[in-house]
Amino acid sequence: MAYAFSRPWVLTSDSGLQVTFKAEDGKPVAICQVNVEPTPHVIDQAFRLYHPELCFLKKAIRLPPWHSSPVGDPDDRPEISVRCSDPHVICQTKMLAPGEPQDVYLKVPGSPSPNLKMFFVMVFTDKWLAVPAQVWQIYVHFLERVDVSCVTGQRSCQSLVLRGKQAVRKVKCFSSHPQEIKEVQLQVQPWRAGSRLVFVNAVDVEQRRLVTAWLLCLNVHRPVLSKAFEVCVPVSGGRGSTRRITYTNPYTSSRMFLLHSDHPDLLQFKEDRFQLGGGESYTIGLRFAPSQSPGTAEILVYINDLEEKTEETFCVKVNYS
């Protein structure tokens, strides 16, 4: 007598599966109740992705090489399939030419800030999708995007809107780059040119809950150089070297000036601030740290006012020889 195995299975209220064996005439021969005890996934890799709110996230994740034969023949690769635990996330992969890397493509619908979306991606290398070869846990943080354009060494201010509720809450802000982000009334003072992302979270410190989150997209430019100097520092000197440069107050009134370096590990100042009367000059003392190997370094010296607006920028090229 032949039997047929009926699918799909139907989940019952007690987390069970009902499996029916039928004969060729369609009559049930046996009915089995299979109790299901869900267990957590064994996670092979975890990914945290950050993306602007209400925008689709499109991401490609490279798969590791898999081979059916022990010698690693590129023509003997298994057919790889992927499945996602979230039906609203598009997850797919395509077979490419032998020897070409294969990626998993994700398309995740956006959510308002500070929502967090978590889902699993299962990678199968058998055609029956019986046992996943890898399980990925993916977190997508949706943040409010803020574009900031600024200049290295100079402080720029940016206002952020923090919407409150009827209840009074004590909120504290945390930044992924505390050296560059000072307050929620953002004071951005970067020291490296280029583009990068900075995360700022506003947290309810009593409830320990995330109130809102911002994704700062920094576009940092180099300043206009006023003067350029070149100095030589001996290698293995042990005590470093000192130099002096002169700065003249271009204003007719007395001003206080602040000194900064984009490489504080290489250059220190004798005094990091000084007061100058109108038209007066001041000698800036530079202390260069010793080096154990020859080479060159380019150091920017910023002369700022009390509001951290850059008055002058000097470039010091240091030759270690």
Side-chain angles (χ1 to χ4, degrees), residues 148-160 175 177-196 198 216 218-321:
V148 180
S149 181
C150 49
V151 179
T152 60
Q154 180 169 284
R155 180 179 297 173
S156 302
C157 295
Q158 179 79 29
S159 298
L160 296 179
S175 168
H177 293 63
Q179 297 85 2
E180 299 181 1
I181 307 299
K182 306 299 183 183
E183 303 175 5
V184 183
Q185 169 65 39
L186 288 182
Q187 297 178 358
V188 184
Q189 192 170 8
W191 302 105
R192 297 288 185 273
S195 300
R196 57 186 173 276
V198 178
L216 304 186
L218 301 185
N219 187 14
V220 187
H221 306 279
R222 281 176 59 93
V224 177
L225 301 181
S226 305
K227 294 181 181 180
F229 303 89
E230 188 169 354
V231 298
C232 294
V233 176
V235 175
S236 302
R239 300 174 56 184
S241 180
T242 59
R243 295 292 188 275
R244 295 179 181 180
I245 57 177
T246 303
Y247 176 72
T248 302
N249 182 5
Y251 301 99
T252 57
S253 59
S254 178
R255 297 290 179 97
M256 174 69 75
F257 297 96
L258 309 177
L259 292 174
H260 296 287
S261 166
D262 65 340
H263 286 80
D265 56 326
L266 301 179
L267 173 63
Q268 297 287 332
F269 303 103
K270 184 178 181 181
E271 297 177 340
D272 58 4
R273 61 175 57 205
F274 57 91
Q275 181 87 29
L276 276 183
E280 294 181 351
S281 297
Y282 174 78
T283 301
I284 302 174
L286 308 178
R287 297 176 180 175
F288 296 94
S291 176
Q292 301 300 322
S293 58
T296 61
E298 187 177 274
I299 305 174
L300 297 183
V301 176
Y302 300 93
I303 304 177
N304 292 358
D305 60 16
L306 290 178
E307 296 182 353
E308 292 290 2
K309 301 297 182 183
T310 301
E311 297 281 352
E312 304 279 353
T313 304
F314 297 159
C315 178
V316 181
K317 184 178 180 180
V318 185
N319 295 314
Y320 297 97
S321 58

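Quick caveat: nothing in here was measured; it's all calculated off a predicted structure. Only heavy atoms go into these numbers, but all of them, side chains included; no hydrogens, no water, no symmetry mates.
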Query raised in the report: Taking all non-hydrogen atoms of both residues, which atom of Arg192 and which atom of Arg196 are closest, and how far apart?
Result: O-NH1, 3.0 Å
Query raised in the report: Can you find a pair of side-chain heavy atoms, one from Tyr320 and one from Val318, that are under 4.5 Å apart?
Result: yes
Show me, pair by pair, the donor-acceptor contacts under 3.5 angstrom made by side chains of residues 273-281, not counting sequence neighbours?
residue, atom, partner, partner atom, Å
Gln275, NE2, Ser254, OG, 2.6
Glu280, OE1, Gly277, N, 2.9
Ser281, OG, Thr248, OG1, 2.8

Requested in this report: Check Asp262 against Trp191 and note the closest heavy-atom contact, atom names and distance.
Outcome: CB-O, 3.8 Å
Query raised in the report: Taking only residues at least two apart or on different chains, which pairs with a member in residues 289-300 satisfy salt bridge (Lys or Arg N to Asp or Glu O under 4.0 Å)?
Result: Arg222-Glu298
Query raised in the report: In Å, rounded to the nearest 0.5 Å, how long is the span from CG of Leu160 to CG of Leu216?
Result: 6.5 Å
Requested in this report: Would you check if Val198 and Val188 make a side-chain contact, meaning some heavy-atom pair closer than 4.5 Å?
Outcome: no
Query raised in the report: Taking only residues two or more places apart in sequence, or in another chain, which ones meet Thr242 in a side chain to side chain donor-acceptor pair (under 3.5 Å)?
Result: none
Report task. Any chance you could measure Leu286, atom CG, to Ser261, atom OG, to the nearest 0.5 Å? Result -> 9.0 Å
Query raised in the report: In terms of ring plane angle, is the pair Phe257 and Tyr247 parallel, tilted or perpendicular, where the classes change at 30° and 60°?
Result: perpendicular
Query - Nearest atoms (heavy-atom pairs only) where Ser241 meets Val233 - result: CB-CG1, 4.0 Å
**Report entry** Non-neighbouring partners of Cys157 that pass side-chain contact (heavy atoms from CB on, under 4.5 Å), sequence neighbours left out
**Finding:** Gln185, Gln187
Report task. Locate the shortest heavy-atom distance separating Asn219 from Ser195; write the atom from each residue and the value. Result -> OD1-OG, 3.6 Å
Query raised in the report: Do Cys150 and Gln158 come close enough that some side-chain heavy atom pair is under 4.5 Å?
Result: no
Would you tabulate the side-chain donor-acceptor contacts of residues 299-308 under 3.5 Å, counting partners in other chains and residues two or more places apart, or write 'none'?
residue, atom, partner, partner atom, Å
Tyr302, OH, Thr152, OG1, 2.8
Asn304, OD1, Thr310, OG1, 3.0
Asn304, ND2, Gly153, O, 2.9
Asn304, ND2, Glu308, OE1, 2.8
Asp305, OD1, Glu307, N, 3.0
Asp305, OD1, Glu308, N, 3.1
Asp305, OD1, Lys309, N, 2.8
Glu308, OE1, Gln189, NE2, 3.1
Glu308, OE1, His260, NE2, 3.0
Glu308, OE2, His260, NE2, 3.1

**Report entry** With sequence neighbours excluded, residues passing side-chain contact (heavy atoms from CB on, under 4.5 Å) with Lys227
**Finding:** Phe229, Phe314
Report task. Sorted by first residue and then second, give each salt bridge (Lys or Arg N to Asp or Glu O under 4.0 Å) pair with at least one member in residues 240-255; sequence neighbours left out. Result -> none
Query raised in the report: Residues two or more places apart in sequence or in another chain: which of them pass side chain to side chain donor-acceptor pair (under 3.5 Å) with Gln154?
Result: none
Requested in this report: Scan residues 263-272 for pairs that pass side chain to side chain donor-acceptor pair (under 3.5 Å), counting only residues two or more places apart or in two chains.
Outcome: Glu271-Tyr282
